[in-house]
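Below is one structure, written out as structure tokens; the observations come after it.
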Amino acid sequence: MRQVVWNRDRLGLRDVTEADVPALHAIYGDPTVTQHMPFAPRTLGEVADLVDEAMAAVCAQPRLLYVMAVVDAERRDLIGVARLSIESEHPHSAEIGFGLHPDVWGRGVGTDLVRLLLSFGFKELGLHRIWGARSPANLPAQLAMLTAGMVEEGRIRHHVHTPHGWRDSIVHSALEDEWIDR
Ligand SMILES: CC(C)(COP(=O)(O)OP(=O)(O)OC[C@H]1O[C@@H](n2cnc3c(N)ncnc32)[C@H](O)[C@@H]1OP(=O)(O)O)[C@@H](O)C(=O)NCCC(=O)NCCS
């Protein structure tokens with residue numbers, strides 16, 4: 001079983017463990033974090049279940065799911081969570097999702113995290129296409145993905161059902177042969 005460790009500048013990625021549940025709950029359980037996500041704030045038990053699923057995925061062959069703690073490279077604190085899910089029928093392509101603790105928002109960390117995920121997916125996993133879907137209202141996610149080099153592809157109408165009803169998604173993507181490691 002190979003654990004993920006991927007570092008760049010001030011951020012690192014590593015597989016989540018059971019010890020991360022309280023810190024992950026501080027993110028997934030916060031309504032300001034989930035306001036643009038298609039689910040209500042998670043309970044501690046739901047976060048523990050997500051971590052169990054993530055840890056089981058580490059051993060899968062082939063491995064398709066990476067749920068990773070985003071850590072401050074110096075202090076090793078968990079400041080966010082990143083998810084990369086390889087499409088089983090199109091294994092050259094993966095969807096990313098990410099969230100940071102609100103304490104670190106607005107300092108460029110989100111943009112660096114998207115850069116880190118692209119570098120992990122293209123260089124470490126050998127992917128060809130990486131995409132992410134955001135709420136049309138999620139301006140910080142839009143700017144973070146654009147600045148990191150992910151172009152806007154278009155709108156998927158009623159892509160997800162949220163606690164507030166149907167919601168469109170705006171899809172961003174990066175392709176390995178267009179990607180510039182910024
Ligand atoms: C999306 C998220 C990761 C961005 O993280 P961040 O560290 O705040 O991002 P950055 O500091 O790199 O900011 C990215 C851009 O958004 C802008 N921005 C950040 N917060 C903003 C706000 N509240 N209002 C308007 N613009 C904002 C920044 O100025 C920056 O723009 P610039 O590139 O023109 O300077 C963070 O807001 C988050 O975790 N949100 C909750 C989870 C989520 O929505 N995830 C995305 C799902 S697709």
Side-chain angles (χ1 to χ4, degrees), residues 6-14 16 20 22-43 46-47 50-51 54 65-75 77-87 93-121 127 129-174 179-182:
W6 191 253
N7 293 294
R8 180 192 157 116
D9 304 330
R10 58 180 164 170
L11 295 180
L13 295 174
R14 61 159 176 78
V16 293
D20 295 321
L24 291 171
H25 182 245
I27 299 169
Y28 276 138
D30 184 330
T32 56
V33 174
T34 60
Q35 65 182 314
H36 295 300
M37 291 181 168
F39 50 81
R42 304 282 198 202
T43 64
E46 288 172 333
V47 173
L50 287 173
V51 169
L65 179 65
Y66 295 79
V67 181
M68 297 172 288
V70 180
V71 295
D72 177 297
E74 269 182 25
R75 300 187 334 187
D77 294 348
L78 188 156
I79 57 170
V81 57
R83 186 185 158 95
L84 185 150
S85 173
I86 297 173
E87 295 173 46
S93 174
E95 179 181 7
I96 55 169
F98 48 88
L100 293 171
H101 192 285
D103 283 355
V104 303
W105 288 4
R107 290 190 241 146
V109 179
T111 304
D112 280 353
L113 173 56
V114 178
R115 291 187 178 113
L116 180 68
L117 278 168
L118 295 179
S119 122
F120 174 68
L127 294 167
R129 168 185 162 80
I130 297 174
W131 62 280
R134 64 167 171 89
S135 156
N138 194 345
L139 180 62
Q142 175 185 26
L143 294 173
M145 287 194 279
L146 287 175
T147 305
M150 299 182 78
V151 302
E152 264 184 35
E153 278 189 345
R155 178 179 289 253
I156 307 177
R157 296 188 304 151
H158 287 196
H159 181 214
V160 289
H161 196 264
T162 79
H164 312 289
W166 291 108
R167 196 210 76 197
D168 295 357
S169 289
I170 306 296
V171 173
H172 291 242
S173 70
W179 173 62
I180 298 165
D181 192 0
R182 296 155 205 257

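Note that the structure is a prediction, hence the values are computed from the model and not measured. Quick note: numbers below take in every heavy atom, side chains included, and nothing from hydrogens, waters or symmetry partners. Whatever order the structure lists ligands and atoms in, that order sets their numbers, starting from 1.
Within the 4.5 Å cutoff, the side chain of V160 has no heavy atoms near those of the F39 side chain. Using a 4.5 Å heavy-atom threshold, the side chains of V67 and L50 count as separate. The side-chain heavy atoms of M68 and F120, taken from C-beta on, include a pair separated by under 4.5 Å. At least one side-chain heavy atom of R10 sits under 4.5 Å from a side-chain heavy atom of V109. Counting only heavy atoms from C-beta outward, the side chains of L84 and L127 approach each other to under 4.5 Å. With contacts defined as side-chain heavy-atom distances shorter than 4.5 Å, the pair D181/L118 does not qualify. No side-chain heavy atom of D77 sits under 4.5 Å from any side-chain heavy atom of H101.
Heavy-atom separations between Q35 and ligand 1 are all 4.0 Å or longer.
For atom 20 (N) of ligand 1, the nearest protein heavy atom (residue, atom name, distance) is P140 CG, 3.6 Å. If you check which protein heavy atom lies closest to atom 5 (O) of ligand 1, you get G110 CA, 3.4 Å. Nearest protein neighbour of atom 25 (C) of ligand 1, counting heavy atoms only, is L139 CD2, 3.7 Å. Distance from atom 15 (C) of ligand 1 to its nearest protein heavy atom, with residue and atom name: L143 CB, 3.4 Å. The closest protein non-hydrogen atom to atom 40 (N) of ligand 1 is W105 CZ2, 3.4 Å. Of the protein's non-hydrogen atoms, T111 OG1, 4.1 Å is the one closest to atom 13 (O) of ligand 1. Scanning the protein for heavy atoms near atom 11 (O) of ligand 1, the closest one is G108 N, 2.7 Å. From the protein, the heavy atom lying nearest to atom 41 (C) of ligand 1 is V33 O, 3.4 Å.
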Atom pairs and distances, side-chain donor-acceptor, residues 144-156, under 3.5 Å, sequence neighbours left out:
| from | atom 1 | to | atom 2 | distance (Å) |
| --- | --- | --- | --- | --- |
| T147 | OG1 | L143 | O | 2.8 |
| E152 | OE2 | R134 | NH2 | 2.9 |
| E152 | OE2 | Q142 | NE2 | 2.8 |
| E153 | OE1 | R129 | NH2 | 3.3 |
| E153 | OE2 | R129 | NH1 | 2.7 |
| E153 | OE2 | S173 | OG | 2.7 |
| R155 | NH1 | D168 | OD2 | 2.8 |

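For atom 48 (S) of ligand 1, the candidate residues are A133, G132, G97, S169; the nearest heavy-atom contact is made by A133.
Counting heavy atoms closer than 4.0 Å to ligand 1, residue R107 contributes backbone atoms (N, CA, C, O) but none from C-beta onward. At a 4.0 Å heavy-atom cut-off, ligand 1 touches T147 through the side chain alone. With a heavy-atom cut-off of 4.0 Å, D112 does not touch ligand 1 at all.
Of the protein's heavy atoms, at least one falls inside 4.0 Å of atom 45 (N) of ligand 1. Protein heavy atoms are absent from the space less than 4.0 angstrom from atom 28 (C) of ligand 1. Using a 4.0 Å threshold on non-hydrogen atoms, atom 35 (O) of ligand 1 does not count as touching the protein. Inside a 4.0 Å radius of atom 22 (C) of ligand 1 there is at least one protein heavy atom.
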Full working for side-chain contact (heavy atoms from CB on, under 4.5 Å) between N138 and I170 | CA-CA 10 Å; N138 194 345; I170 306 296; over 6 Å; no
List the steps, then state whether side-chain contact (heavy atoms from CB on, under 4.5 Å) holds for V47 with D20.
-> CA-CA 10 Å; V47 173; D20 295 321; over 6 Å; no
Step-by-step side-chain contact (heavy atoms from CB on, under 4.5 Å) determination, L11 to D72 = CA-CA 5 Å; L11 295 180; D72 177 297; 5.8 Å; no
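Distances below 4.0 Å separate heavy atoms of G106 from the following atoms of ligand 1: 6 (P), 7 (O), 8 (O), 11 (O). Of all atoms in ligand 1, numbered sequentially from 1 with element shown, those under 4.0 Å from a heavy atom of F98 are 3 (C), 42 (C), 43 (C), 45 (N), 46 (C), 47 (C).
For ligand 1, the polar-atom distance check against H36 finds no nitrogen or oxygen pair separated by under 3.5 Å. Not one N or O of T32 is nearer than 3.5 Å to an N or O of ligand 1, by distance alone.
With sequence neighbours left out, S93 forms a side chain to side chain donor-acceptor pair (under 3.5 Å) with E87.
One N or O on the side chain of R167 and one on the backbone of H36 form a donor-acceptor pair closer than 3.5 Å.
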